[in-house]
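First the structure, in the form of structure tokens, and then the observations on it.
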Amino acid sequence: NRDNLSRLRTIPKAVFPTKGFSFYGLFDAEADGYVTAGINEKGLVVVNAAVNSVPREKRFVATEDLTYRLLTSFDSADAVILQQTIFQRSHPAIYIIGDSFKIMSVEIAPAGKYSVAVRREGFLGFTNHYTAADLLCENKLASNGSLQRLQRLRTLVSGRASPYTLDDFVNIGNDTAGGTEASLWRVSKGSESIRTLAGWVVHVPPEGHPSLYVRIANESEPEITRTIKIDPSFWKKEKVDNTADFKSNF
């Protein structure tokens with residue numbers, strides 16, 4: 001889920017770069033078009049989150065859109081692992097990266113410190129603070145809401161039998177029963193409050209094509225949900241419609 005100020009807009013669209021892999025992602029319309037989540041034509045998924053436990057002046061120092069670079073440059077989690085030193089040059093952030101065989105989390109602290117966890121099976125989760133043991137000391141600011149949401153996520157995941165389905169994670173992401181701070185889908189309390197702006201759930205099977213669920217909740221616009229099969233026909237259609245307004249794709 002993408003949380004930010006209520007008034008900010010999220011735009012889903014496909015990107016066909018002149019060099020590198022094509023991808024479909026969620027874009028922050030106000031933050032210079034930065035990508036907040038995406039899946040590329042090779043089935044690599046990248047999502048990111050801010051680390052609100054780091055002072056603002058140390059967080060807002062990005063010099064490139066690393067999510068864009070990962071999606072256009074890498075075809076697998078293993079390829080990212082082999083070149084993980086690129087994270088030394090990132091601004092503080094948290095990433096989860098996955099393909100059909102494994103998932104990995106990357107927690108990046110100030111001054112190029114980072115920690116990577118890789119799973120072939122099991123669970124990885126994050127909200128807006130560091131959880132890696134060697135980075136706990138980098139949580140300089142209180143993050144009670146982030147702690148509550150992570151505990152809520154763990155509770156919801158533990159209540160389901162594995163393997164999890166796309167619908168399981170859609171239901172988890174749509175959770176509003178955890179209260180104002182702990183719910184995973186946070187509701188608006190005004191245009192300057194933090195709420196959930198978008199949901200993004202991907203299932204990448206070992207064989208066959210990925211499935212993607214997208215939920216967009218822009219302020220003063222009808223809420224949109226879409227479930228997509230990310231197959232060759234999807235990329236062909238998106239390329240044809242690439243210059244159209246994103247609403248026409250829903």
*List in chain and number order the residues that pass side chain to side chain donor-acceptor pair (under 3.5 Å) with Thr131, two or more places apart in sequence or in another chain; answer none if no residue qualifies.*
Glu107
*What pairs of residues pass the salt bridge (charged side-chain N to carboxylate O under 4.0 Å, His left out) test when at least one of them lies in residues 109-127, not counting sequence neighbours?*
Lys113-Glu138
*Hydrophobic cluster partners of Leu141 (side-chain heavy atoms under 4.5 Å)*: none
_Cluster link Val46 to Tyr114, ILVMFWY, side chain under 4.5 Å_ = yes
*Determine, stepwise, if the pair Asn174 / Arg215 fulfils side chain to side chain donor-acceptor pair (under 3.5 Å).*
CA-CA 9 Å; Asn174 289 340; Arg215 180 181 177 185; 2.7 Å; yes
*Taking all non-hydrogen atoms of both residues into account, name the closest pair between Pro92 and Val51 and its distance.*
C-CG2, 4.2 Å
*Which heavy atom in Glu181 sits nearest to a heavy atom in Gly145, and how many Å separate them?*
OE1-CA, 3.6 Å
*Looking at Leu135 and Ala109, what are the two nearest heavy atoms and their distance?*
CD2-CB, 4.0 Å
*Would Ile103 and Ile94 show up in the same hydrophobic cluster when neighbours are defined by side-chain heavy atoms closer than 4.5 Å?*
yes
_Give me the atom names and distance for the closest heavy-atom approach of Lys229 to Phe234._
O-CB, 3.5 Å
*With sequence neighbours excluded, what pairs up with Thr227 under the side-chain contact (heavy atoms from CB on, under 4.5 Å) test?*
Leu166, Tyr213
*Which value, rounded to the nearest 0.5 Å, describes the distance between Ser22 atom OG and Ile39 atom CD1?*
12.5 Å
*Between Arg9 and Glu219, is there a salt bridge with N-O shorter than 4.0 Å?*
no
_Does anything in residues 39-59 form a salt bridge (charged side-chain N to carboxylate O under 4.0 Å, His left out)? List the pairs, not counting sequence neighbours._
none
*Would you please name every residue forming a side chain to side chain donor-acceptor pair (under 3.5 Å) with Thr196, sequence neighbours left out?*
Asp3
_From CG (Asp231) to NZ (Lys237), nearest 0.5 Å_ = 12.0 Å
*Side-chain donor-acceptor pair under 3.5 Å between Ser193 and Ser6, yes or no?*
yes
*side chain to side chain donor-acceptor pair (under 3.5 Å) assessment of Thr67 paired with Asn48*: CA-CA 7 Å; Thr67 303; Asn48 64 60; 2.7 Å; yes
*Return the set of residues passing side-chain contact (heavy atoms from CB on, under 4.5 Å) with Ala14 (not counting sequence neighbours), or none when no residue passes.*
Phe16, Tyr24, Glu238, Asn242
*If you measure from OG1 on Thr127 to CG on Leu150, what distance do you get to the nearest 0.5 Å?*
4.5 Å
*Under the side chain to side chain contact (heavy atoms under 4.5 Å, CB included) criterion, do Leu44 and Ile97 qualify, and how do the steps go?*
CA-CA 7 Å; Leu44 182 71; Ile97 301 167; 3.7 Å; yes
*Consider only side-chain heavy atoms of I, L, V, M, F, W and Y, link residues closer than 4.5 Å, and tell whether Ile228 and Phe21 are in one cluster.*
no
*asked:* For Val214, run the side chain to side chain contact (heavy atoms under 4.5 Å, CB included) check against Val202, Leu26, Val201 and tell me which one passes.
replied: Leu26
*Return the set of residues passing side-chain contact (heavy atoms from CB on, under 4.5 Å) with Leu147 (not counting sequence neighbours), or none when no residue passes.*
His129, Ser143, Asn144
_Are Phe169 and Tyr164, when compared by the centres of their aromatic rings, separated by less than 6.0 Å?_
yes
*Sequence-distant partners of Ser220, side chain to side chain donor-acceptor pair (under 3.5 Å), two or more places apart*: none
*Rounded to the nearest 0.5 Å, how far does CZ of Arg7 lie from CZ of Arg195?*
11.5 Å
*Sequence neighbours excluded, every pair satisfying salt bridge (charged side-chain N to carboxylate O under 4.0 Å, His left out) that has a member inside residues 73-91*: Asp78-Lys102
*asked:* Nearest 0.5 Å, please: how far is OH in Tyr130 from OG in Ser105?
replied: 12.5 Å
_What's the separation between atom CZ in Phe126 and atom OG in Ser146, rounded to the nearest 0.5 Å?_
10.0 Å
*Pair listing, salt bridge (charged side-chain N to carboxylate O under 4.0 Å, His left out) test, anchored in residues 151-173, at least two apart*: Arg152-Asp175, Arg160-Asp168
*Going by distance alone, is a donor N or O of one side chain under 3.5 Å from an acceptor N or O of the other, for Arg186 and Asn1?*
no
_Of all pairs that satisfy ring-ring contact (aromatic ring centres under 6.0 Å, His included), the ones with a partner from residues 45-93, not counting sequence neighbours_ = Phe23-Tyr68
